[in-house]
**Student:** 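Sharing a structure, written as structure tokens. Questions coming.
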Amino acid sequence: MDKILVSGGRRLEGEVRASGSKNAALPVLISSLLTAEPCSYESIPDLMDIQTVLKLLKGLGVKVDGDLRSGRVTLAAGRVDKLEAPYDLVKTMRASFLVLGPLLARFGEARVSTPGGCAIGARPVNLHLNGLAELGAEIQMTHGYVEARAKRLRGAKIYLDLPSVGATENLMMAAALAEGSTVIENAAKEPEIEDLASALNRMGARIQGAGSDIVKIEGARELHGLSHRVIPDRIEAGSFMVASALTRGDVLVRDVRPDHLDVFVLKLREAGVECSVEPDKVRIKGNGRVKGVDITTLPYPGFPTDLQAQMMVLMTVADGVSVITENIFENRFMHALELDRMGADIRLEGNRAVVRGVASLSGAPVMATDLRASVSLVLAGLVANGTTEISRVYHLDRGYEHIERKLSALGAEIKRIKGQ
Ligand code: EPZ
């Protein structure tokens with residue numbers, strides 16, 4: 001397995017471009033299952049998770065063309081000859097579970113492995129399944145697989161107990177081909193939901209209200225192909241913004257939608273970070289030690305759980321105390337244990353982490369445990385005294401496109417050691 005070595009103490013400066021959003025691209029690529037016509041996509045990031053979802057779609061019989069190095073992919077689901085998403089793919093990448101809604105809506109049946117848990121939590125799918133049952137699907141659970149059937153899904157009023165991103169996406173795609181109209185109440189409001197809805201509407205779906213907590217979908221008989229460019233990755237962009245603040249740098253992050261990061265920018269400013277925002281770029285200047293601020297993760301537009309680990313690193317070297325409350329996932333503080341090994345002072349109390357700022361971190365061998373925890377260890381390495389060696393970087397490769405190349409270009413001393 002590869003490792004990444006980071007030598008701390010370098011100030012980052014220059015420009016970096018955010019890649020296309022992983023969490024927008026995954027459901028949008030899967031939505032190509034809803035039509036037999038070719039669907040062309042741009043700004044698709046070259047990530048392990050994207051390669052996994054393309055492998056899954058190919059396994060279903062979808063024709064996959066294009067080259068991830070160009071960010072362009074064309075999918076054609078004209079000859080889908082398999083309606084099953086196997087356990088080995090779904091367990092490596094939970095978003096594979098999103099094929100359930102489209103397969104059911106277009107072909108009337110699907111057999112999809114349940115994703116099971118992951119490092120950050122149990123990750124249940126009850127909201128997905130209850131919603132599909134509301135749309136008329138017959139659902140059975142056998143041997144760890146969901147087996148679903150429906151002659152034709154019919155529109156319904158669905159209330160989500162939690163504003164689940166994945167459940168909203170699965171149900172929006174299923175309802176797009178259902179008979180009649182569907183209302184999803186307490187829907188997730190993330191920008192990735194809006195991006196999926198705009199892609200579906202380009203395919204001939206009639207979806208209103210995406211991005212709000214009430215989404216209305218008028219079912220269509222069939223959908224057609226489209227061309228779509230996914231939105232920038234707000235979480236990758238936020239990670240680079242923290243890198244600049246941490247190293248007291250001066251970094252311009254281009255191709256970003258700052259309006260997708262409102263609360264995050266507010267919190268950086270509250271901590272004393274200088275953020276200049278324009279419609280498609282953000283300049284982050286770190287001027288001295290930041291102040292400890294409290295963080296509470298919430299569904300969008302609240303503080304994003306996917307930026308909690310990155311913000312925690314900034315708080316470990318802030319002046320004062322920061323209380324970080326994680327409300328979305330039940331086990332998303334594993335990076336704290338590794339940061340403590342680098343000299344941070346973090347006390348965990350249930351879903352709260354009390355972070356007391358220290359003068360500095362010290363480089364150490366650390367282990368990545370999940371995607372966003374892995375990038376927080378890279379960020380800590382940028383500002384720690386000495387060298388940090390990060391193992392299990394396959395977690396990092398799932399969600400960050402060529403991160404050592406992008407950080408080196410900003411002046412970081414970072415390199416990848418190829419695994420044996
Ligand atoms: C999406 O996961 C993202 N993944 C996650 O990003 C992100 O952290 C999460 O949304 C929250 O914003 C993708 O978009 C591929 P949820 P998802 O369903 O859809 C509970 C990353 O790092 N829940 O909104 O799985 C669940 O347990 C990843 O890129 C149920 O109880 O998140 C969790 O506590 C990590 N029942 C909460 O809702 C359900 O049926 C939010 O989950 C579904 C979810």
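Residues: numbered from 1 along the sequence shown. Quick note: numbers below take in every heavy atom, side chains included, and nothing from hydrogens, waters or symmetry partners. Atoms within a ligand are numbered from 1 in the order they appear, just like the ligands themselves.
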**Student:** Look at atom 20 (C) of ligand 1 and say which protein heavy atom is nearest, naming residue and atom and giving the distance to 0.1 Å.
**Tutor:**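 Its nearest protein heavy-atom neighbour is Leu162 CD1, 3.8 Å.
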**Student:** Of all the non-hydrogen atoms in the protein, which one sits nearest to atom 11 (C) of ligand 1, and at what distance?
**Tutor:**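 The closest heavy atom on the protein side is Thr305 CG2, 4.0 Å.
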**Student:** Is it the side chain (CB and beyond), the backbone, both or neither of Ile328 that lies under 4.0 Å from ligand 1, heavy atoms counted?
**Tutor:**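 The answer is both, backbone and side chain.
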**Student:** What do we get for Pro124 next to ligand 1 when only non-hydrogen atoms under 4.0 Å count, side chain, backbone, both or neither?
**Tutor:**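 It is both parts that get close, each with some atom under 4.0 Å.
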**Student:** Using a 4.0 Å heavy-atom cut-off, which part of Leu371 comes near ligand 1: side chain, backbone, both, or neither?
**Tutor:**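 For Leu371, only side-chain atoms sit under 4.0 Å from ligand 1.
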**Student:** Salt bridge between Arg347 and Glu349, side-chain N to carboxylate O under 4.0 Å?
**Tutor:**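 Looking at Arg347 and Glu349, the cut-off is met.
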**Student:** In the protein, what heavy atom is nearest to atom 32 (O) of ligand 1, and what distance, to one decimal place, separates them?
**Tutor:**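 Closest protein heavy atom to atom 32 (O) of ligand 1: Phe329 CZ, 4.2 Å.
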**Student:** Between Arg111 and Glu84, is there a side-chain N and carboxylate O pair less than 4.0 Å apart?
**Tutor:**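 Salt bridge between Arg111 and Glu84, a charged N being under 4.0 Å from a carboxylate O: yes.
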**Student:** Can you establish whether the number of heavy atoms outside Lys291 located under 6.0 Å from its atom NZ is more than 12?
**Tutor:**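 Counting other residues, nucleotides and ligands, NZ of Lys291 exceeds 12 neighbours.
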**Student:** Which residue and atom name correspond to the protein heavy atom nearest atom 40 (O) of ligand 1, and how close is it?
**Tutor:**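 Of every protein heavy atom, Leu127 N, 2.8 Å lies nearest to atom 40 (O) of ligand 1.
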**Student:** Is Arg154 paired with Glu179 through a side-chain N to carboxylate O contact shorter than 4.0 Å?
**Tutor:**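 Looking at Glu179 and Arg154, the cut-off is not met.
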**Student:** Write out the residue and atom name of the closest protein heavy atom to atom 6 (O) of ligand 1, then the distance separating them to 0.1 Å.
**Tutor:**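 Closest protein heavy atom to atom 6 (O) of ligand 1: Asp306 OD2, 3.0 Å.
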**Student:** Arg10 and Glu413: salt bridge (Lys or Arg N to Asp or Glu O under 4.0 Å), yes or no, with the steps?
**Tutor:** CA-CA 7 Å; Arg10 309 286 290 266; Glu413 201 174 326; 2.7 Å; yes
**Student:** Side chain, backbone, both or neither: which part of Glu192 has a heavy atom under 4.0 Å from ligand 1?
**Tutor:**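 No part of Glu192 is near ligand 1 at this cut-off.
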**Student:** In terms of residue, atom name and distance, what is the protein heavy atom nearest to atom 22 (O) of ligand 1?
**Tutor:**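 Closest protein heavy atom to atom 22 (O) of ligand 1: Arg372 NE, 2.9 Å.
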**Student:** Ion pair present between Arg254 and Glu15, side-chain N to carboxylate O less than 4.0 angstrom?
**Tutor:**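 Yes, this pair counts.
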**Student:** Any salt bridge linking Glu185 with Lys157? Criterion: basic side-chain nitrogen under 4.0 Å from a carboxylate oxygen.
**Tutor:**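 Yes.
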**Student:** Backbone, side chain, both or neither: what part of Arg332 comes under 4.0 angstrom of ligand 1, heavy atoms only?
**Tutor:**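 Near ligand 1, Arg332 shows its side chain, while the N, CA, C and O stay back.
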**Student:** Which heavy atom of the protein is the closest neighbour of atom 3 (C) of ligand 1, given with residue, atom name and distance?
**Tutor:**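 Among all protein heavy atoms, the one nearest atom 3 (C) of ligand 1 is Asn23 ND2, 3.7 Å.
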**Student:** Is Arg416 salt-bridged to Asp397, cutoff N-O under 4.0 Å?
**Tutor:**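 So Arg416 pairs with Asp397 through a salt bridge.
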**Student:** Check each heavy atom of Lys22 against ligand 1 and say whether those closer than 4.0 Å belong to the side chain, the backbone, both or neither.
**Tutor:**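 The side chain, only.
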**Student:** Between the side chain of Ser244 and the main-chain N/O of Ile284, is any donor-acceptor distance below 3.5 Å?
**Tutor:**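 It does hold such a pair.
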**Student:** How far is atom 2 (O) of ligand 1 from its nearest protein heavy atom, and which residue and atom name does that atom have?
**Tutor:**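 Scanning the protein heavy atoms, the shortest distance from atom 2 (O) of ligand 1 goes to Arg123 NH2, 3.6 Å.
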**Student:** Is the shortest distance from a Lys or Arg side-chain nitrogen in Lys22 or Glu401 to a carboxylate oxygen in the other one below 4.0 Å?
**Tutor:**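 Between Glu401 and Lys22 there is no salt bridge, as every charged N stays at least 4.0 Å from the carboxylate O atoms.
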**Student:** Should you measure from each heavy atom of Val125, which atoms of ligand 1 turn up under 4.0 Å away?
**Tutor:**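 Per the distance check, 39 (C), 40 (O).
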**Student:** One residue to check: Asn126. Relative to ligand 1, which of side chain, backbone, both or neither has a non-hydrogen atom less than 4.0 Å away?
**Tutor:**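 The answer is both.
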